[in-house]
Amino acid sequence: MKYEAVIGLEIHIQLRTRTKLFCSCPNEYGAEPNTNVCPVCLGLPGALPVLNMEAVRLGLLAALALNAKVYKRSQFYRKNYFYPDLPKGYQITQYVGSLATDGSLTFEHHGVVRTVRIERMNIEEEAAKSYHAEDGTVLLDFNRSGIPLLETVTRPDLRSPSEARHFLELLRRTMRYIGVSSCDMEKGELRADANISVRPVGSEEFGTKVELKNLNSFKAVEEGLTYEYNRQIEVLKNGGKIIQETRLWDEHLRETRSMRVKEEAHDYRYFPEPDLMVLELPDGMLEEAEAALPELPEARRKRFISEYGLRPDIAEVMVQERDIADYFEDLAARIGDSSLAANWISTDVMRVMNEMKTDIHGFPIPIDDLAELLKMLKKGLITHNIARTVFDKMVAGEGTAKEIIEREQLLPLSDESELLGFVEEAISANPEIVEKYRKGKVSVIGVLVGYVMKKTRGKANAKRVKELLEEKLKA
Amino acid sequence: MEVKIDKRTIQRIAELAKLSLKDDELDSMQEHFARMIKNFQKLQELNLEGVDQLVNPHEGLQRMREDIPSKGVDREEVLSAAPDRKDHFFRVPSPLKEVRKKQ
């Protein structure tokens with residue numbers, strides 16, 4: 001029997017505000033422990049929450065980007081449970097009356113168009129960060145307490161672990177495009193828990209689901225779900241039953257295991273937060289968010305293919321980051337050649353960014369200078385090899401393309417007689433190669449071309465060299 | 001509709017609130033709860049058709065604040081008020097250990 005996975009994700013996105021959700025403490029990562037705290041986020045009795053408008057605005061942007069239905073009125077609730085990272089004894093979240101519901105995200109997975117429905121999007125507060133000390137005690141840092149989160153819950157519409165990963169990557173890219181979150185998984189700005197069950201292909205019913213936690217990277221999402229998918233199929237094939245439980249992905253042991261926590265009463269006793277009034281979106285707020293919504297990555301990817309004729313894989317690379325996509329469009333317009341721009345960005349520019357561990361803003365060559373270099377290449381004034389050499393020198397800060405080419409005399413050999421001299425030299429210096437060629441092994445001509453290129457330090461036009469060699473050898 | 005609150009329900013509510021009640025305390029709680037439920041049952045006799053749910057007795061809507069940071073409170077002052085600390089952290093017992101002890 002063939003099985004398929006049924007996966008839903010519960011995602012938490014940290015919103016990029018300057019302050020926390022209910023107090024004015026800075027929302028910043030990496031501050032000294034317990035320096036961004038106040039009575040509200042410490043949960044001191046009597047402290048009252050005041051809602052951050054920017055968190056609502058970012059939540060709206062995210063909801064619009066996911067095509068969700070936004071509600072003019074929503075409400076905060078108390079979700080009651082006891083844990084040391086939550087000193088109030090409840091988390092302020094949304095419950096009945098979400099910020100938005102019924103969204104969706106559509107993407108192409110291995111050539112198949114997939115739509116994942118978003119059930120709800122809620123604004124809620126983050127808990128404190130706990131560190132488990134070796135002596136069994138817990139150390140708490142409240143800098144994180146009260147940071148705004150956007151809880152985003154999908155319907156069980158994902159059908160494979162790789163699809164789940166793809167969805168999450170596109171969600172991250174979308175959130176980064178619209179600027180609501182940096183979604184750095186290493187910093188916990190994007191977190192995902194998953195529900196997964198399996199069922200025979202073709203079946204409409206759902207199997208018993210398992211909740212999977214500790215998926216702290218895209219790799220962990222895919223690997224943890226793959227492990228769990230295979231485990232559940234194995235259990236069913238052996239006539240067993242899936243137990244509804246929470247399991248943890250262990251990245252080192254590369255397996256999921258039951259949390260084995262005593263099944264405590266799971267009753268959050270939600271009730272409307274009496275310290276906060278009904279949230280009614282101020283007039284114009286939704287319209288402003290709609291106007292501020294940029295072109296989204298999936299739409300842009302499609303446009304790059306249709307408008308610029310980019311190859312799908314190159315288009316995918318160009319839209320990874322909004323800044324890269326902007327840079328690409330700018331460069332393509334300057335040189336009047338979109339595939340040349342895309343090729344250089346996806347190879348040389350990105351290689352340098354990787355090596356220097358920087359983003360496009362830290363890329364050392366000004367866009368004017370890079371455009372000048374690529375225009376010279378496009379006009380055939382320099383060869384591809386020379387362009388590469390000049391590019392590396394530009395990265396090293398040795399000047400503009402024109403300056404480097406003049407200084408190092410890198411303009412190509414256009415003088416045919418000079419070029420012929422090198423061609424003749426290549427033939428007389430490689431008698432064995434010439435003999436092989438004449439006996440019919442024409443591919444060895446590459447060796448002779450290489451000889452000329454080396455002698456001219458790459459300044460010759462390789463295509464022309466090959467033509468001249470062929471003429472000479474046939475004579 | 002008659003709602004009966006039995007002792008097990010009281011016990012469960014107490015556990016959710018992390019309260020441990022003695023047997024006679026459970027009995028007295030049961031009486032309290034019974035009285036409260038009775039009052040709510042009285043309320044339920046009212047005809048509320050067409051009346052909106054009242055979420056908050058105060059009138060008015062949520063007022064929001066601008067996203068402008070300000071300095072919080074002094075770390076030393078806050079930490080010195082805590083029952084236990086280690087360096088610049090609050091220190092608390094492990095919640096997992098508590099579960100283990102109970103089992």
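Neither the backbone nor the side chain of A:Glu28 comes within less than 4.5 Å of any heavy atom of chain B. For a residue to count as touching a neighbouring chain, one of its non-hydrogen atoms must lie under 4.5 Å from one of that chain's; by this rule B:Val92 touches chain A with backbone and side chain alike. Contacts between A:Val40 and chain B at a heavy-atom distance below 4.5 Å are absent for every atom of the residue. A:Leu21 touches chain B through its backbone: at least one of N, CA, C or O sits under 4.5 Å from a heavy atom, while the side chain does not. Only the side chain of A:Phe142 comes within less than 4.5 Å of a heavy atom in chain B; its backbone stays farther off. For A:Phe271, no part sits under 4.5 Å from any heavy atom of chain B, backbone or side chain. Contacts of A:Cys23 with chain B are made by backbone atoms alone, with heavy-atom separations under 4.5 Å and no side-chain atom involved.
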(request) Decide side chain to side chain contact (heavy atoms under 4.5 Å, CB included) for B:Phe90 and A:Leu42; before the verdict, give the C-alpha distance in whole Å, the side-chain angles of both, and the deciding distance to 0.1 Å. (result) CA-CA 11 Å; B:Phe90 295 90; A:Leu42 286 166; 4.0 Å; yes

(message) Would B:Ile68 and A:Thr19 count as a side chain to side chain contact (heavy atoms under 4.5 Å, CB included) here? Give the steps.
(response) CA-CA 6 Å; B:Ile68 299 163; A:Thr19 68; 5.5 Å; no

(request) Apply side chain to side chain contact (heavy atoms under 4.5 Å, CB included) to B:Met64 and A:Asn52, showing your working. (result) CA-CA 6 Å; B:Met64 293 190 267; A:Asn52 181 348; over 6 Å; no

(request) Report the C-alpha separation of B:Gln62 and A:Leu276 in whole Å, then their side-chain angles, then the decisive distance to 0.1 Å, and conclude whether the side chain to side chain contact (heavy atoms under 4.5 Å, CB included) test is met. (result) CA-CA 6 Å; B:Gln62 180 64 42; A:Leu276 290 165; 3.5 Å; yes

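In this structure, B:Arg63 contributes its side chain and A:Val50 its backbone to no donor-acceptor pair below 3.5 Å.
Closest approach of B:Gly72 and A:Cys25 over heavy atoms only: CA-SG, 4.3 Å. Between B:Ser94 and A:Gly136, the closest heavy-atom pair is CB-O, 2.7 Å.
Within a 6.0 Å radius of NZ in A:Lys69, no more than 12 heavy atoms belonging to other residues, nucleotides or ligands are found. Residue-environment remark: CG (A:Asp283) stays at or below the threshold of 12 foreign heavy atoms within 6.0 Å. Other residues, nucleotides and ligands contribute at most 12 non-hydrogen atoms within 6.0 Å of the CD atom of A:Glu186. Other residues, nucleotides and ligands contribute more than 12 heavy atoms inside 6.0 Å of the OH atom of A:Tyr177. Residue A:Lys72 places its NZ atom among more than 12 non-hydrogen atoms of other residues, nucleotides or ligands, all under 6.0 Å distant.
Atom CG of B:Asp74 is separated from atom CG of A:Asn34 by 11.5 Å, given to the nearest 0.5 angstrom. Here the straight-line distance linking atom CZ of B:Arg65 with atom CZ of A:Phe22 works out to 9.0 Å at 0.5 Å rounding. One finds the OG atom of A:Ser24 at 12.5 Å from the NZ atom of B:Lys71 (value rounded to the nearest 0.5 Å).
Your options are A:Arg73, A:Glu273, A:Glu280, and the one with the most heavy-atom pairs under 4.5 Å with chain B is A:Glu280. Residue with the most contacts toward chain B among A:Pro39, A:Pro33, A:Cys38: A:Pro33 (heavy-atom pairs, distance under 4.5 Å).
The contact list for residues 80-89 of chain B toward chain A, using heavy atoms and a distance under 4.5 Å, reads B:Lys86, B:His88, B:Phe89 by residue number.
A salt bridge is defined here as a Lys NZ or Arg NE, NH1 or NH2 lying under 4.0 Å from an Asp or Glu carboxylate O, and A:Arg57 with B:Asp67 fails to meet this definition.
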